[in-house]
Every structure is written in structure tokens, then in C-alpha cells.
Amino acid sequence: MISYVHSTRIFIPTKRMKALQFICILLCFQHLAFFPIASTANQVDSLNKLITESRKFKNPPNAEPWAESGCAKVYSPANVGNQVGTMEGPGCSSLGYGAMEELGPFRVNSDGKTLYRNEYSWNNVANVIFLESPAGVGFSYSNTSSDYNTVGDKRTAADSYVFLVNWLERFPQYKIRDFYIAGESYGGHYVPQLACVILSNNKITNQTVINLKGIAIGNAYVDDTTTLQGTYDYYWTHALNSDETHAGITKYCDFVNGNLTSQCSEYLFQGDEELGDIDIYDIYAPLCNSSAPKTPSPGSVNNFDPCSDNYVRSYLNLPEVQKALHAINTTWSRCSNVIGQWADSPSTVLPTIKHLIASGIRLWVYSGDVDGRIPVTSSRYAINTFKLPVTNAWRAWYSNSDEVICDYFPFLLPDLLLPWGDGNNDGCSVFFPTCSTSSCASQPEAQRLASGESTLASTRIGSPEKMNSSEKHVAFFFPIASTANQIDNLIKLSTKSRKSENPPANVGNQLGMMEADKIDFLPGQPQGVDFDQYAGYVTVNQTAGRALFYYFVESPNNSLANPLVLWLNGGPGCSSLGYGAMEELGPFRVNSDGKTLFRNEYSWNNVANVIFLESPAGVGFSYSNTSSDYKTVGDKRTAEDSYVFLINWLERFPQYKSRDFYITGESYAGHYVPQLAYTILSNNKITNQTVINLKGIAIGNPYIDDGTTVKGIYDYYWTHALISDETHAGITRHCDFVSGNFSRTCKLYRNQAFVEHGKLDLYDIYAPLCNSSAPKTPSPGSVNNFDPCSNIYVAFYLNLPEVQKALHTRNTTWSRCSGDNDGRIPVTASRYSINTLKLAVKNAWRAWYSNSDQDVGGYVVEYEVDINLKRLVEMEEEEIADREEALKNCTEVEEGEISDGKMMLPFHWSFRFRFFSFAA
């Protein structure tokens with residue numbers, strides 16, 4: 001097998017003299033639909049050798065390819081307007097994108113002048129041609145300028161065919177090779193149409209002119225209806241569009257019959273506007289903030305660089321490069337700026353694909369979850385129109401490191417099951433760490449939750465729209481992947497002077513305890529720490545000997561005015577110190593040696609004074625001297641103990657009694673946070689004073705309702721290409737999430753879903769897994785670099801004797817969770833939950849941005865809460881008349897439930913309530 005990249009020009013003997021640079025992809029694949037998730041590794045692992053057969057053809061045709069009935073029957077061209085650049089084509093370069101950024105042997109360094117190797121190049125296992133087609137794309141050209149205004153699908157297929165038969169004369173050693181055509185995006189038109197032309201000419205000449213074996217199309221534009229419907233469904237399921245816009249599209253757009261009313265068009269336009277400025281081809285990727293090459297740095301295919309387009313453009317316009325490529329001296333651009341009208345483009349090529357299948361051509365459809373231009377949802381809808389029987393069920397396939405690289409399901413009987421990756425975001429290639437609960441808790445909007453202003457209502461971070469402090473609102477926002485700018489422009493909170501006299505019972509003597517809890521120095525902490533930190537125990541039940549551990553960090557600046565924030569992790573039973581403080585929003589992260597720390601420049605304590613509480617007893621360093629406490633704990637006691645902790649802590653730190661106070665958390669803290677808030681408000685009313693000055697709560701990816709959570713999980717799995725159509729259909733049909741009636745059949749389908757998604761990190765579905773069980777050689781840590789083994793470093797660090805001594809803990813074995821009850825609550829579940837509240841929209845859905853004003857950090861919608869409704873007032877009086885009775889109302893128990901608090905009580909008091917949920 002010969003590995004090569006070759007470039008030249010081939011002249012096509014037609015009435016017009018044209019020249020084409022080239023692409024075609026020769027690669028082995030099988031009959032299966034394939035949905036990769038992000039990874040750079042193992043794009044070509046297990047690809048089989050190509051079988052060479054001895055077939056020769058005589059009298060090659062001079063090709064008028066559309067004459068034979070095979071293609072004529074399945075192709076009905078329609079005139080369309082200019083579509084250049086709208087869907088990675090028509091009119092974009094296979095040399096610039098395919099060869100230089102995706103699956104070719106080289107990538108361009110950041111200097112725009114030098115190259116580095118792509119170790120996963122497809123030419124490791126195949127001989128690959130990259131064709132710039134049609135004329136007018138890249139280096140390809142026509143001497144007849146009118147060609148650029150009359151080109152369309154039909155001529156593109158015809159010219160590509162003539163290119164191939166001439167190229168095979170130039171390289172006759174390839175005439176007998178098995179031949180495969182592959183492409184992406186609008187290649188969903190090019191590839192099957194060219195394949196159809198090849199088959200027709202083979203039939204016309206009664207010989208194998210081109211030995212076509214199969215085609216592969218990735219994130220392919222193959223049908224107007226499925227593409228359009230799938231695109232907007234994808235936007236909603238990936239938290240890019242508002243509920244209102246999606247509902248409008250669903251109501252007014254008849255995609256099946258092509259009846260797109262004016263109301264439909266308005267909603268489609270709104271859907272596009274709501275995206276904001278993102279890279280629609282990689283929705284979680286940062287944007288490029290430079291238009292020119294920069295100082296060279298060592299390139300690696302494993303490192304994503306959003307400015308790669310710029311480097312490629314600079315490189316391919318170097319005179320010496322164009323000379324080496326034997327290209328005409330011209331200005332190369334990644335997408336054509338000379339092609340005008342696109343003359344013909346059928347509304348669907350699905351009939352063409354069916355014709356190819358019937359002709360024995362192997363077909364592979366693959367689709368990546370981060371491409372929003374022609375998304376995975378569209379691919380699934382298109383495949384489902386074939387109504388093909390499943391012969392090999394959906395399953396995950398793994399890299400050599402036993403990580404899930406792709407999920408796929410074959411829909412025809414394959415000869416071989418082969419992984420596929422195309423080197424770009426549409427396939428199994430570019431790894432970009434995306435948002436998980438653990439990585440996104442530190443996003444900018446999450447950290448602005450403590451604002452007394454409408455911080456989530458700002459169209460640009462740094463210029464918030466003011467909101468009357470007496471107004472009540474709920475904000476629901478969706479950060480997307482980014483580690484940078486987590487706290488950009490968090491709004492300062494106004495300090496109000498309120499003091500609590502005669503605090504409730506259970507307050508112990510805290511005199512001198514604050515000084516005793518002060519941390520002099522954490523082992524391995526970096527130089528220049530400019531804030532005070534404290535840690536210790538607060539006893540919450542003297543009789544049982546229950547004590548909760550806390551870690552408290554003050555703000556480096558303005559700590560006397562900044563608000564007080566309590567952070568709670570979920571589980572139930574997981575540590576707010578290990579996760580919240582050390583991996584998410586605290587001031588330090590643990591280096592890979594497990595012994596030293598580095599600064600988190602985006603820590604929430606830059607703008608707030610933050611308490612990390614390990615609750616309930618039995619979590620982390622928190623404990624009870626009564627062992628039965630660990631078996632009888634639930635939501636009710638957790639809320640009570642956390643409240644007792646707070647009133648004692650405020651006696652220990654009396655300077656914070658008058659501060660605005662906010663409770664935040666994630667996952668099962670969707671129970672903890674509102675229940676604790678309810679307890680605080682109840683006690684404030686019972687004592688007729690502001691014991692704790694609660695101003696608001698925020699819950700991220702929260703577990704708040706059984707029905708919406710469970711339904712949301714399985715809908716998320718399907719919309720993110722983690723489970724099969726069949727399993728999702730079975731769950732939808734047999735599982736009654738409203739009543740909670742889960743039949744045996746329902747449970748079987750739910751179990752199948754967990755089998756199908758394979759071994760992956762459900763808290764960050766695009767992240768690699770950790771392949772180590774111990775710390776490793778230290779490397780400079782950075783909050784901007786994702787490390788899947790962070791849990792290991794944290795556990796090692798918090799079990800060092802010197803660390804436990806510095807934290808004033810008991811000598812014990814710290815673990816991140818006290819049980820195996822970790823949950824993962826997707827954005828879909830959060831949306832279903834918030835929708836049950838039926839709140840009016842106050843400020844419509846929009847994107848919010850980082851400091852650079854370039855990258856979309858996420859999306860936000862704000863809801864109005866009317867607390868003046870008579871019934872709500874009545875409910876408030878009923879519920880808080882007696883504190884104990886009220887707490888009983890919030891502790892329904894069902895058999896099999898982990899906790900004793902199933903239902904969340906409504907909130908009717910004057911404080912702000914914010915959901916935040918992560919899309920990845």
C-alpha cells in the first residue's frame with residue numbers, strides 16, 4: 001500500500017477548458033450508521049487493509065454521466081439561490097479543510113509557514129485524493145467566467161467523474177483498486193451523486209471503469225426536510241434555543257410538507273438569532289480572536305486551536321507553497337468567492353442513496369454530536385426514512401485505553417465493524433473538553449448568581465441591566481464549555497445592615513473559635529495568597545456528637561462588603577470540599593503530584609466570601625459519634641443540621657450576620673438548597689427577625705423532581721447520540737414518567753440504555769476517562785487544561801497528614817463520596833422541571849459572552865414570579881404556621897428512595913431563585 005499526497009492539475013476535455021485540484025477518499029467502511037463523540041485518538045484504529053482485485057477497463061468513456069436511467073430516475077434538480085458557504089459548501093475547499101485541518105497527513109503550525117504531522121491521518125491506511133471541486137473552489141478554475149454562475153450539483157458530479165477517469169489514466173496503477181468516496185456536510189450531495197454517475201457509466205460501458213465499493217458521508221446534508229427539522233430540534237436539545245422558540249417552531253413549521261408559514265419563518269429566524277456568536281461547526285469550541293498567524297508554538301493534533309483556518313490560509317497563499325503544489329499563482333480562499341448562483345440542488349438525495357444501496361454499494365453514515373450545522377439529529381431523521389431493519393444493535397466502541405470513542409448502530413448487515421473518524425469535529429477526532437457539572441460550576445453567570453441586580457439580564461457582561469430589588473424573578477441559564485472567564489464582571493452586592501438578636505436555640509459558645517480555625521498555610525499552596533482561609537468543625541448535635549466540617553475562603557478584595565455564599569455538592573453524600581472547593585469554584589486546584597496546589601484564577605471568592613460545607617455527617621471530614629446516624633440520615637435532618645451549622649457559624653463569624661446570604665449547589669443539592677432555604681425562612685418568621693439574611697438561591701443541573709429528571713435523562717441520551725432509536729422509542733412508549741408507573745418492560749429498556757452508552761463519564765460525556773489510580777509526575781497546573789484524573793489528585797492531597805492538620809480535621813480517611821449514589825442531571829431534565837412551574841418570561845432567551853466579547857459563555861432566560869397571588873399567600877401562611885409541621889410536609893418518603901425528601905415545596909418569599917444547567 002502506497003502512502004502519498006500528490007497535487008497537480010488535470011484538464012478536462014470538454015467544450016470549456018477547466019482544471020481541478022483533487023479530492024477523493026479511498027477508505028474501507030461497512031453498512032452502518034455511525035455517531036462519533038469527540039476524541040482525537042484512534043481515528044484509524046482497526047481499519048482493514050484494502051483488497052486489490054484484478055480488474056481492468058478498456059476504452060474509458062469520455063463521460064456524459066447523466067444519460068443512463070439509474071441516475072436520471074433518482075435525480076430531479078431544482079433551481080436554488082446562492083448557497084455558497086452556508087453548509088461547509090457548496091464551494092468549500094477539500095484541500096484547506098479536509099487535508100490541512102481534518103484527515104490529511106499535515107497540519108499547519110501557528111506561524112502559518114511550517115507543518116507538523118497528523119498521526120491519525122487517513123493515509124496511514126489508505127491512498128487519499130483531496131479534490132477541490134467544482135471549478136472556482138480553491139485552486140480549481142475555469143477560463144470561462146460564466147461557469148461560476150451556472151455550476152450546480154449536476155455539473156459538479158459530471159466534472160468530478162471526468163476528473164477521475166483522467167486521473168486514473170495518469171495513475172494507472174490504481175485502476176484496479178477498490179475505490180471509496182467520502183465527504184461531509186454538502187458532500188452529502190456530492191458523494192452519492194458522483195457514485196451514481198460512476199455506476200451509470202460502468203453500466204453504459206459494460207465494464208468497471210471505476211471500481212466503486214462504497215461511500216461514506218459525515219454530518220451530511222442529504223434532505224431538506226430532515227436537515228431543517230433536525231437542526232432546530234438539535235438547537236433545543238443542546239440548550240442553544242429557548243423553550244418558547246422551539247415550541248413556536250414545532251407549532252408553526254410543517255417540515256414534512258414543506259409548509260413554512262410566515263410565523264414559522266419568524267421563529268426560525270429567532271432560533272438562529274438566539275445562538276449568538278458561536279462556531280456552529282463545533283458548538284463548544286472557543287472562537288478565534290486573531291485574523292493572522294502568530295508566534296509559532298509546537299503543534300499537536302491533540303490540541304484544538306480555533307485559529308487553524310487562518311494558519312491554513314496564510315500557508316496556502318505562500319508563493320513557495322503554491323509552486324510546490326504546482327498550482328496557478330492565485331489567491332487561495334477556503335470557500336469560493338467567485339461562484340455566484342448555484343444552479344441546481346435537489347431537495348433530497350435520499351432516493352439516490354436508496355438506488356446505491358440497491359446496487360450493492362456499501363454505505364456508511366457517520367455524525368458527530370458537536371456539529372450544529374448538519375447535526376446528528378438530522379442524520380438520524382434521514383436514516384430513519386429508510387425504515388431499515390437493525391441487524392446489529394447499537395453499542396459503544398472503545399479506544400485502546402478502554403474509553404468510549406464513538407457510539408454507533410449498524411443498520412445493514414456489515415462484513416466488518418470498523419471505527420471511523422474524519423479528523424474534524426464531525427467525526428471522532430478533535431477533543432475539546434466540554435461542560436460538566438464539575439467544570440461548569442465555575443462559569444461566569446453561575447458566579448454572578450449572588451447579585452442584587454439582574455445580572456443575568458445583561459446583553460454584554462460588564463453592562464448589566466438594573467433590576468428593582470423588590471421584583472421577584474427566576475433566571476434559568478445554560479453555560480456551554482469554557483474554562484476561561486468564569487467570573488468575568490461579577491456584580492458587587494450591596495451590603496445591608498440587619499442584625500439578628502435572640503438567635504434560636506442550639507447555639508453553642510463560639511468565643512475564640514474563629515481565630516482557632518484560621519489556616520496559616522495549606523501545604524503546597526502557591527506563593528502570593530492574598531486572602532484569609534479558615535477550616536474546622538461546628539457541632540450541630542451535642543447529644544449524638546454530630547459535627548459538620550467547613551472550609552471558608554474570604555475575598556481577596558472588598559471582603560467586608562462582598563456577600564456570603566454557601567456551596568453544597570450533591571450525591572447525596574458527596575463532598576463540597578473535594579468537588580466544590582478543589583475541582584470547581586474554590587481558589588486552589590491540586591497539581592498532578594497530589595502534593596501541591598495551583599491558583600484557580602476564576603475562583604468565586606474573587607467576588608464573594610464562600611463557605612464549602614461537607615454535609616450531612618458522614619461526608620468527607622464531617623462525622624457523628626452515633627453510628628446509627630449514618631443509617632437514618634435524609635433530607636430532613638440534612639436541612640436541620642445545615643441550619644444549626646449556619647446559626648453557630650454566624651456566632652463564630654459575627655461580622656457576617658448582616659451580610660446578604662446566598663445558597664448554591666448542584667446535582668442532589670437541588671434538594672438540599674431549597675430545603676435549607678425553606679428552613680431559614682421558616683425560622684426567620686418564627687423568631688420574627690432576620691436570623692439569616694437570605695437573598696437568593698442557585699441550583700445547577702439540579703435533581704428536583706423524579707419524573708422530569710428521569711425523563712430528561714433518557715431524552716438527553718438520545719439527543720446526544722448515546723443510545724439507539726429503538727431503546728429511546730421503547731422508553732418513550734413503556735415508561736410513564738408522569739405517574740411514575742415503570743413497568744417491567746420499561747425497566748428493561750432503561751437498563752438497555754445504560755448498556756448502550758458504554759463506559760463514559762456521565763458528568764462530562766465528551767471527556768476522556770482517567771487511566772491512572774495514583775498521582776503522577778508533577779506538571780504545571782492550569783485551570784484552563786482539563787485533567788480527568790483530578791479526583792485522584794484531590795483524594796491523595798486531602799489524605800496527607802500535614803494537610804489534615806492544616807485544615808484542623810480529625811485524623812481520618814477522606815473520601816469524595818460516602819456512597820455510590822452519584823447522580824447526573826442533564827440540561828433536558830432541568831428544562832422539564834422549570835417548565836412545570838409555568839412561569840411568565842421576563843427577559844427573553846439570549847446568549848451571554850465572556851470578557852473578550854467573542855465567545856458565547858452560555859444562554860440565559862429570566863422568568864417573572866408573581867408572589868401576590870392570593871393562593872400563594874394562603875399557602876405560605878399554611879406552610880409556615882408551625883416549623884415542625886412544615887418540615888414534615890417536605891419529607892414524603894417512598895419505598896426505594898435514597899432520601900426522605902421527595903417533593904420540593906413552592907417558594908413564595910422575597911428572594912431570587914436561579915437555575916443553571918450545563919449543556920454538555
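Computed from heavy atoms alone, side chains included, the values below leave out hydrogens, waters and symmetry copies.
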- Item | Check: Ser336 side chain, Gly136 main-chain N or O, donor-acceptor pair, under 3.5 Å | yes
- Task: Go through Ser345 and Tyr186 one step at a time and tell me if the side-chain hydrogen bond (donor to acceptor under 3.5 Å, both in side chains) criterion holds.
- Result: CA-CA 10 Å; Ser345 175; Tyr186 199 79; 2.7 Å; yes
- Decide yes or no on side chain to side chain contact (heavy atoms under 4.5 Å, CB included) for Ile699 and Glu666, but give the supporting numbers first. CA-CA 5 Å; Ile699 44 179; Glu666 66 188 9; over 6 Å; no
- Query: Partners of Thr261 by side-chain contact (heavy atoms from CB on, under 4.5 Å), sequence neighbours excluded?
  - Reply: Tyr252, Asn259, Gln263, Cys264
- Message: Any non-hydrogen side-chain atom of Val137 less than 4.5 Å from a side-chain atom of Cys92?
- Response: no
- Query: Between OH of Tyr381 and CZ of Phe255, what distance do you get to the nearest 0.5 Å?
  - Reply: 9.5 Å
- Query: Tell me, do Asp254 and Leu260 make a side-chain contact under 4.5 Å, heavy atoms counted?
  - Reply: no
- Item | Straight-line distance of Ile217 CD1 to Leu363 CG, nearest 0.5 Å | 5.5 Å
- Task: Answer yes or no: is there a side-chain heavy-atom contact under 4.5 Å between Ile697 and Thr664?
- Result: no
- Message: Do Cys196 and His355 have side chains that approach each other closer than 4.5 Å (heavy atoms only, starting at C-beta)?
- Response: yes
- Message: Using side chain to side chain contact (heavy atoms under 4.5 Å, CB included), reason through Glu726 and Trp394 one step at a time and then give a plain yes or no.
- Response: CA-CA 9 Å; Glu726 295 73 31; Trp394 178 290; 5.5 Å; no
- Side-chain heavy atoms of Asp309 within contact of Glu101, under 4.5 Å: yes
- Item | Closest non-hydrogen atom pair, Tyr97 against Cys335 | CE1-SG, 4.1 Å
- Item | Test side-chain hydrogen bond (donor to acceptor under 3.5 Å, both in side chains) applied to Thr245 - qualifying residues, sequence neighbours left out | Ser242, Glu274
- Message: Could you go through Leu350 and Phe386, starting from their C-alpha distance and side-chain angles, then the distance that decides it, and tell me whether this counts as side chain to side chain contact (heavy atoms under 4.5 Å, CB included)?
- Response: CA-CA 8 Å; Leu350 293 176; Phe386 292 145; 3.7 Å; yes
- Kindly indicate whether the side chain of Val376, heavy atoms from C-beta on, has any atom under 4.5 Å from the side chain of Asp371. no
- Item | Worked check of side-chain hydrogen bond (donor to acceptor under 3.5 Å, both in side chains) between Ser93 and Glu132 | CA-CA 5 Å; Ser93 169; Glu132 293 193 308; 2.4 Å; yes
- How long is the gap from NE2 on His246 to OH on Tyr235, to the nearest 0.5 Å? 12.0 Å
- Minimal non-hydrogen separation, Gly372 against Tyr234, with atom names: CA-CE2, 3.5 Å
- Carefully, step by step, assess Ser133 and Thr156 under the rule side chain to side chain contact (heavy atoms under 4.5 Å, CB included). CA-CA 7 Å; Ser133 178; Thr156 300; 3.6 Å; yes
- Query: If you take all heavy atoms of Thr237 and Thr719, which pair is closest and at what distance?
  - Reply: CG2-CG2, 3.3 Å
- Query: What is the distance from atom OG of Ser262 to atom OH of Tyr267, rounded to the nearest 0.5 Å?
  - Reply: 11.0 Å
- Item | From CA spacing to verdict: side-chain hydrogen bond (donor to acceptor under 3.5 Å, both in side chains), Asp725, Trp718 | CA-CA 7 Å; Asp725 294 345; Trp718 185 82; 2.7 Å; yes
- Item | Distance-only side-chain donor-acceptor flag, Asn149 / Ser146, under 3.5 Å | no
- Gly230 versus Pro375, closest heavy-atom pair with distance: O-CG, 3.7 Å
- List the atom of Gly188, the atom of Ala220, and the distance in Å for their closest heavy-atom pair. CA-CB, 3.8 Å
- Message: Within the 4.5 Å heavy-atom criterion, are Pro306 and Asp279 side-chain neighbours or not?
- Response: no
- Task: State which residue, out of Asp223, Thr226, Asp224, fulfils the side chain to side chain donor-acceptor pair (under 3.5 Å) condition with Thr348.
- Result: Asp223
- Message: Would you compute the distance between atom OG1 of Thr231 and atom CG of Asn241 and round it to the nearest 0.5 angstrom?
- Response: 10.5 Å
- Message: What I want to check is whether the side chains of His189 and Asp153 have a donor and an acceptor closer together than 3.5 Å.
- Response: yes
- Does a donor on one side chain sit under 3.5 Å from an acceptor on the other, for Thr377 and Tyr232? no
- Query: Closest heavy-atom contact between Ser367 and Ile374?
  - Reply: OG-O, 4.5 Å
- Message: Hydrogens and angles aside, do Asp736 and Ser739 bring a side-chain donor and acceptor to less than 3.5 Å of each other?
- Response: yes
- Measure the spacing between OH of Tyr281 and CZ of Arg373 and express it to the nearest 0.5 Å. 5.0 Å
- Between Arg155 and Asp344, is the closest basic N to carboxylate O distance under 4.0 Å? no
- Message: Less than 3.5 Å apart, any donor N or O on the side chain of Arg313 or Ser333 sitting next to an acceptor on the other?
- Response: no
- Item | His238 side chain near Ile283 side chain, heavy-atom distance below 4.5 Å | yes
